[in-house]
Every structure is written in structure tokens, then in C-alpha cells.
Amino acid sequence: MKTKLAALLLRAATGAFADGQLNSSDFPPIDIEEPKADAHGDFSSNFAMVMAAVQKMAPRKIAESITAKLEDPEGILLKTEIAGPGFINFFVRPSAWLPVLKEIHQTDERFGHANIGNGEKVQVEFVSANPTGPLHVGHGRGAAVGDSFGNILSACGYDVQKEYYINDSGRQIRTLGLSVYLRLKAISGDPVDFPADCYQGDYIRELAEDIQQGTELDLTRIPEEAAISRCARFAAKKILAGIRSDLDAFGVHFDRWFSEQSLFDKGLVDSAVAEFKGRDVIYENEGALWFRTSAFGDEKDRVVVRSNGQTTYFASDIAYHKDKFERGFERVIDVWGADHHGYIPRMTAAVEASGIHRSNFQVILVQLVNLLRGGAPVAMSTRAGEFVTLRDVVDEVGRDAARFIFLTRHYESPLDFDLELAKQQTNENPVYYVQYVHARISSILRKATERGVSRPGGNNRHLDLLTTPEDIQLIKTLARFPDTLQAAARMMEPHRVSYYLMDLASGFHAYYNKRRVLTDDQGLTQARLTLVLGVQTVIRNGLRLLGVSAPDRM
RNA sequence: GCCCCCGUAGCUCAGUGGAUAGAGCACCGGAUUCCUAAUCCGGGUGCCGCAGGUUCGAUCCCUGCCGGGGGCACCA
């Protein structure tokens, strides 16, 4: 509808210029918006105001010239008005909305999808938690945001790959191995001191018990480094399996799990370092190798190989992101926790040094989650192993509620996640409010079948019986869905879909209380069944993008 | 000290440079012989943190300040 109106405006403006009514044919891009106030019509454009300076004319005067030339061959418009400082307001003929229902019926699960992405290859990397412990609630938020955003991009015509980067190499993994090893020794009675940086959760104890059961070898009696390394590999593998299963339970699936260690195994870290060294982007100072990130906007240079010869995680990250673009992704999006924001300049620098334009690398910084129970903070400490895991949360409040709540805030806002609230089935927990629409409509359909009412196709001839303001209002809301998805994709804001669904749900519930779907009038019943089927389809499509189920009964 | 995010109704939060800034919760009152009451309808709230600037127009963009949270390493 918006694109149609924009085309009409442009044609009218061109006509007005040809007639000498306008001074310039240098027209700005046409922006059509939906006014908040009904009195301002269904759509509105600031076209005339925006070009006032170029035309050297009063905005209202321009608007008059344009609307005078406005043609409406399809009869979409009831009227146009010039209002305020020069807005052109469009009032759409109610029946012009009806074809939307046909479109929903025809495109069904693809309704709302678009092709603004043009098949562009995009990678979304998210979660990527180190396999040193179970996922916590913050990871859950990143998972919900990354997964849903990936879904939305796919729906908008991007060729999306979702990837999880496994930090299965380096210092933290060794610390994990050491933690398990020391716990193992403690279990077998050796006196041990646990260094402060060791992990101490119950899961470490379980891992220690598991590894000893799984082998004939007494790991406390073999050389220490070998034992630690063995513990590390075992523990990382086991924890990663747990992470996969937790994400699976959360409804999050990755196209690829990318191992950091594989970069070393293929020599990609060494070759990246060598390449940048050859180009003098990496240089040596005080025995360490430094990446010249300051030449690309970072505040100072960063170490990639320490003076003891060990590479830093940054070194792997450089090789990893280089590899991403070499795999053909035109755009790479990383979803990180907000505590990593200081890492953005150096990563961007590395990408740019690799010959990629910095705008092709984007980071979504997801703010922290405060876990509450009944308003009181839940104390958590990763090192001490006292925390509520993502799995705990999903088990307690359910996958649907958890996923939806993570997407009811802009990701740049800190989120209070209250476990008690998440379990409540009130309007403060809107996932049920939205799902209830789907269930209610299923119920209407069951009732219709019971009464022997046939289910309408999209082409039913009775749609023009949908004439009440409530009918039209609901269809208008449905018509907004494609725009909502595109805005969510363009602005990288999946929460827009959640808010849209709440809005649609509110519209439907109001409709349900005011109008009957199954009436004595066969034609009207057919028409309204088509309408509520449309609502159900859009709810289902939206929820699917968010990874939330659409139940037929509640 | 430097960097990032936040500051909008009593609370939790939406808000794409546009017109009279919106929801939910909480509070009060009402609606169900009839498709699921996990629902709906009515009732009122705002120096959009403060001060400048850009603009025909700023909650939105820019600068400074105030308040809250997070981050600064040859850690990740």
C-alpha cells in the first residue's frame, strides 16, 4: 500500500513539474508514514515539506500542486487532505484493504516475507559461550536475539547462516582442565589448594567423577600436564554437549559450530599473523607481536602473540573473521554481551585491515539480564558455581515464556527477568496473551467444523461484507506485518515483531468481544472466518520467527 | 580519567525528524443464556533527566552537564 501511494505521489509530482507548477524536478525520496491520529488518515507523507527548500515554495502550496495532479486509477483512495504545515494525508477506501486477506491466504506461511535482502549472504554469530560451564540467563538473551534476528533476516530475503564459535583452545580451557584435575585429586584424598581463578561449581565435581569412571587409568598418577590436558578435553566436550542440548531445549539451532582449535589445526592463525606481519600491520615490540589496530580507529595497538609465544584470543578472532569473509559472507553480524563492547574497535580494525569495508561487520551488543525472583535479585557467581542456568529457567518458566520475554525489550536496554512474573499468566507476561489468540481462533474453527460450516478459501466472494470499523481495523493491522518485519530486519531490532504481535493480539481480542465470527448469515460467517484465519496465520508466522509455539488449545 | 548503554506516567517499558508522546501493570467501576473471561469496555496521569545547538519542525540528531549500570590488561 505504501509503495503504491509513493508511486502515485511521484507521478503526480512529475506531472505538476511538467505543467510548470513546480520549480524543480529534484524530488527527495518519498517517505510514507502511518499517522498516530486517525484524523490524519491512514497514511501521510511529508513529501511537500521536505522539498520546500529545493522548490523555494511554501510546503502547502507544493502539496496543493501535487494533490491536484494525483490520479488513482485503482480507486484506492477515499480522499486526500492537506493538513498542518503541509502534510499530505491519505484516507484509504475501506474495501481497498480486503485484498490483503486474499494475499495472506495465498502466501500463507510466507506472508510477511519480502526480498529486501536480495539473497545477500549474511552470517549471524551468537552465543559462542566458552565451553567452561553451563549457559546462563544472559546467554539465553543473546540466543533469543540472535536466533530470532537470523529468522527475520531469512524472511526478508537474506541468505542467513547462524554460527556458534567454540572457544575450545587457549587459557580458559586449560583452567577448566586444571579445575577438574584438582577436584579429582581432592576426591581421591590428596590435599589441594584451589587457585582463585579455578572453576568450582558442582558441575566440576560431576565432571571429575565422570572422567574417573570412564577410564582405567588413575589420572592422579600420570604426569600432571597430560592429566590436565586430558581433563580439559573431556570436560570441554562434555560441557559443549550440555550447551547444545540446552540450546536445543530452548529452540535454538545453529547451521554451523565452528571450532577455534580448527583454526590452529589448519594453520589459519599462523598464516593470518604472517600475512599481516608481511604488510607491516603486525609488528614486533618488546618481544610481543602487536596488531596496528590504532591505524584503523582503535585507541591503541593490541597484542596478538605474547612474549611467551602464546597467541591471544584476539589472534584467533582475527583469523576467524578473516575466514568468515573468505567463506563468502558479504555481511557479518556478531551478537555479543555488552561487557565486550571495548572489543569492537579492535575487531572492526582487524576486519578493515583484512580489506573488508568496516560497514560489513556489525555487532549487536546485548545488555545484561538481571535475574529476579519475586522482585528480589538472585545472587549469582560463575566462579563459585552458584547460578541459575538457562536450563533451570527454561525448565521452570517454559521455553515460550522465556524466549518471548527476552524479546520484549530493546536489546540495548538492561532486562529484569523475574522468574515469578515469567510463570504468571497475566498481561504482564504477554506471551500467553499472544498465544491465546491462536488458541481462540483454533477453537472457533473447531466450533465451525462442529456446526458443519465449510472453511472458506481465500477467494470467497463475501469479503465485501466486512464493513464494520472493527473488521477494517483488524485487516489494517494485518497489513502492517510485512512492514514490521522489514523494519525489524533493517534496524536489527527483533523486538519490533514482539510488539507488533501484542498489538495484533490486542486488536483481535477486542474484535472477538465485539463481533461474532459464526453468525446466522452464511456469507458474513465465511468472510469473518477468512479474516480470523488471516489473523491466525500472521500470529503463527510471527511467533515462529521468535521461536515461540502457536498452540491450538490453552 | 576514557569508552559503551540507559534516563519517557506511581512501576515496567514502547516510540522510523512530524501533527494532540503511547501500552501493560497497579487503582476504581462495569461486561459472560451466545465462537475459550489466560478476554473485553470505561475512568488519568507526563518540566520525554537538565542546558544549549542544528532544523520549517527534536523524546529522536549534535555538544556539555547530572544520575544509574557496564567496560578498561601481553585476561576473555
Side-chain angles (χ1 to χ4, degrees), chain A residues 31 33-37 39-40 44-46 49-50 52-53 58-59 83-87 89 130 132 167 170-172 175 197 285-290 299-314 316-317 337-345 363 365-368 370 375 408-416 418 421 424-437 439-448 450-451 453 483 487 490-491 493 495-496 498-499 502-503 505-506 508-519 525 528-529 532 553-554:
Chain A
D31 186 34
E33 58 171 30
E34 291 157 47
K36 294 173 213 160
H40 299 144
S44 174
S45 179
N46 59 1
M49 287 142 72
V50 174
F87 289 104
N89 293 339
N130 293 344
T132 53
N167 283 105
R171 186 176 184 75
Q172 285 202 54
T175 303
D197 64 346
N285 185 31
E286 292 178 4
L289 292 182
W290 298 71
E299 60 183 17
K300 60 180 182 183
D301 294 343
R302 309 288 175 175
V303 169
V304 286
V305 182
R306 288 185 271 173
S307 50
N308 65 8
Q310 287 183 341
T311 56
T312 61
Y313 279 87
F314 184 42
S316 324
D317 285 339
D339 52 341
H340 287 68
H341 88 267
Y343 212 76
I344 295 177
V363 178
L365 278 187
V366 180
Q367 284 292 327
L368 304 181
N370 300 310
T408 51
R409 294 282 182 283
H410 192 294
Y411 53 75
E412 283 180 352
S413 280
L415 170 67
D416 288 338
D418 193 307
L421 224 57
Q424 278 175 32
Q425 302 180 344
T426 68
N427 222 355
E428 198 144 353
N429 185 14
V431 62
Y432 300 109
Y433 185 76
V434 174
Q435 288 182 316
Y436 187 42
V437 171
R440 258 189 161 173
I441 293 171
S442 288
S443 172
I444 294 174
L445 298 174
R446 282 192 296 271
K447 191 69 77 175
E450 263 173 42
R451 294 184 189 176
V453 178
D483 274 346
R490 205 173 48 243
M491 305 176 74
E493 293 179 345
H495 74 281
R496 286 172 181 275
S498 325
Y499 277 90
M502 292 188 256
D503 196 38
S506 162
F508 172 78
H509 287 312
Y511 181 86
Y512 181 90
N513 276 276
K514 180 99 186 239
R515 302 289 171 192
R516 291 194 62 77
V517 175
L518 306 176
T519 65
T525 300
R528 288 193 168 159
L529 278 173
V532 299
R553 294 172 199 274
M554 286 173 73

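Every chain is numbered from 1 and lettered A, B, ... according to where its sequence line falls, protein lines coming before strand lines.
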Intra- and inter-strand pairing of RNA chain B, written as dot-bracket with Watson-Crick and G-U pairs under 3.5 Å and | for the latter, reads (((((((..((((....[...)))).(((((.......))))).....(((((..]....))))))))))))....
With the side chain defined as heavy atoms from C-beta on, A/Arg302 is closest, among B/A19, B/A37, B/A73, to B/A73
**Prompt:** Base, sugar-phosphate alone, or nothing: which one does A/Arg553 contact when heavy atoms must sit under 4.0 Å apart?
**Reply:** base
*asked:* Under 4.0 Å, heavy atoms only, any strand: does A/Glu286 hit a base, just the sugar-phosphate, or nothing?
replied: base
query = A/Leu518 versus A/Arg451: any side-chain heavy-atom pair under 4.5 Å?
reply = yes
Rounded to whole Å, the CG-C1' distance (A/Asn370 to B/C13) equals 15 Å
Any side-chain heavy-atom pair of A/Arg553 and A/Arg446 under 4.5 Å: yes
A/Tyr343 atom OH is separated from B/C2 atom P, nearest whole Å, by 25 Å
* Can A/Tyr433 be called stacked on B/A38 when the rule is centres closer than 5.5 Å and an angle between planes below 30°? -> no
Open item on the list: Whether A/Arg306 contacts B/A73 is assessed here as follows: a side-chain N or O lying under 4.0 Å from the phosphate OP1 or OP2. Is that the case?
Closed with: no
Rounded to whole Å, CZ of A/Arg496 lies from P of B/C13 at a distance of 18 Å
Between CE of A/Met49 and C1' of B/G17 the distance, given in whole Å, is 10 Å
**Message:** Suppose you measure atom C1' in B/G17 against the same atom in B/C74; what distance do you get, rounded to whole Å?
**Reply:** 47 Å
Say you pick atom C1' in B/A14 and the same atom in B/G24; how far apart are they, in whole Å? 10 Å
Taken to the nearest 0.5 Å, the spacing of A/Thr132 OG1 from A/Arg171 CZ works out to 13.5 Å
request  = Report yes if at least one side-chain N or O of A/Lys36 is closer than 4.0 Å to OP1 or OP2 of B/A21; otherwise report no.
outcome  = no
Query raised in the report: Should A/Arg515 be listed as having a side-chain N or O under 4.0 Å from OP1 or OP2 of B/C35?
Result: no
- Message: Just N and O in the side chain of A/Tyr512: are any of them under 4.0 Å from OP1 or OP2 of B/A37?
- Response: yes
Could you tell me whether the side chain of A/Arg306 reaches within less than 4.5 Å of the side chain of A/Thr312, counting heavy atoms only? yes
Rounding to 0.5 Å, atoms NE2 (A/His495) and CZ (A/Arg409) come to a distance of 10.5 Å
note: A/Tyr511, atom OH; B/U36, atom P; distance rounded to Å ~ 15 Å
*asked:* Taking any heavy-atom pair under 4.0 Å as a contact, classify A/Asn46: base, sugar-phosphate, or nothing.
replied: base
Requested in this report: Without swapping roles, check the side chain of A/Asn130 against the backbone of A/Asn167 for a donor-acceptor pair under 3.5 Å.
Outcome: no
**Request:** For the pair A/Arg302 and A/Tyr343, evaluate side chain to side chain donor-acceptor pair (under 3.5 Å) and give the outcome as yes or no after the intermediate values.
**Result:** CA-CA 10 Å; A/Arg302 309 288 175 175; A/Tyr343 212 76; over 6 Å; no
Exercise. Does OP1 or OP2 of B/A73 have a side-chain N or O of A/Lys300 closer than 4.0 Å?
Worked result: yes
Any donor-acceptor pair under 3.5 Å joining the side chain of A/Ser44 to the base of B/A19? yes
TODO: Check whether the side chain of A/Asn89 and the base of B/A19 form a donor-acceptor pair under 3.5 Å.
DONE: yes
Smallest heavy-atom separation, A/Ser307 atom then A/Ala288 atom, equals N-CB, 3.9 Å
Side chain to side chain contact (heavy atoms under 4.5 Å, CB included) between A/His40 and A/Phe87: does it pass, once the steps are laid out? CA-CA 9 Å; A/His40 299 144; A/Phe87 289 104; over 6 Å; no
Q) Does the side chain of A/Trp290 come within less than 4.5 Å of A/Lys300's, by heavy atoms? A) no
| query | What is the nucleic acid contact for A/Ala83, judged by heavy atoms within less than 4.0 Å: base, sugar-phosphate only, or nothing? | reply | base
Practice problem: Could you check whether A/Ala439 gets within reach of a base, just the sugar-phosphate, or nothing at all, counting any heavy atom under 4.0 Å? | Solution: base
message: Using atom P in both nucleotides, what's the gap between B/G18 and B/G57 to the nearest angstrom?
response: 14 Å
Between A/Asp31 and A/Ser45 the two heavy atoms that sit nearest each other are O-OG, 3.2 Å
Out of B/C35, B/U39, B/C74, minimum distance to the side chain of A/Ser307 belongs to B/C74
_Using the P atom as the point on both nucleotides, what is the distance between B/C41 and B/C61, in whole Å?_
33 Å
Here the distance between atom C1' of B/C72 and atom CD of A/Glu299, to the nearest Å, is 8 Å
- C1'-based separation of B/A73 from B/C48 [nearest Å]: 40 Å
Discussion item. If you apply the rule side chain to side chain contact (heavy atoms under 4.5 Å, CB included), what do you find for A/Leu289 with A/Thr311, and how did you get there?
Written reply: CA-CA 9 Å; A/Leu289 292 182; A/Thr311 56; over 6 Å; no
Next on the checklist: Students often get this wrong, so: under 4.0 angstrom with heavy atoms, is A/His340 touching a base, only sugar-phosphate, or nothing?
Outcome noted: base
**OP:** Check every strand shown and say whether A/Leu368 touches a base, only sugar-phosphate, or nothing at a heavy-atom separation below 4.0 Å.
**Re:** sugar-phosphate
### Query
What distance, rounded to whole Å, do you find between the two P atoms, one in B/C47 and one in B/C28?
25 Å
The contact string for nucleotides 4-12 of chain B, one letter per nucleotide 5' to 3', using protein heavy atoms under 4.0 Å with B, S and - for base, sugar-phosphate only and none, comes out as SSS-----S
Atom CE of A/Met502 and atom P of B/G24 are separated, to the nearest Å, by 11 Å
Checklist entry - What nucleic acid atoms does A/His40 come within less than 4.0 Å of, heavy atoms only: base, sugar-phosphate, or nothing? => result base
Discussion item. Is there a side-chain contact between A/Tyr313 and the phosphate of B/A76, meaning an N or O under 4.0 Å from OP1 or OP2?
Written reply: no
- request: Using a 4.0 Å heavy-atom cut-off across all strands, classify A/Phe314 as base, sugar-phosphate, or nothing.
  value: nothing
Using atom P in both nucleotides, what's the gap between B/U54 and B/U63 to the nearest angstrom? 15 Å
Tested for side chain to side chain contact (heavy atoms under 4.5 Å, CB included) against A/Tyr512, the lone hit among A/Val532, A/Ile444, A/Val517 is A/Ile444
So A/Ala510, base contact, sugar-phosphate only, or nothing? Heavy-atom distance under 4.0 Å. sugar-phosphate
Distance, P atom - from B/C40 to B/U59, rounded to whole angstrom
32 Å
Any base atoms under 4.0 Å from A/Asn130, or only sugar-phosphate, or nothing? Heavy atoms, all strands.
sugar-phosphate
Practice problem: Indicate whether OP1 or OP2 belonging to B/U16 is found under 4.0 Å from a side-chain N or O atom of A/Tyr499. | Solution: no
Here the distance between atom P of B/U36 and atom CZ of A/Arg516, to the nearest Å, is 9 Å
Within the pair A/Arg528 and B/C35, is there a side-chain N or O less than 4.0 Å away from OP1 or OP2?
no
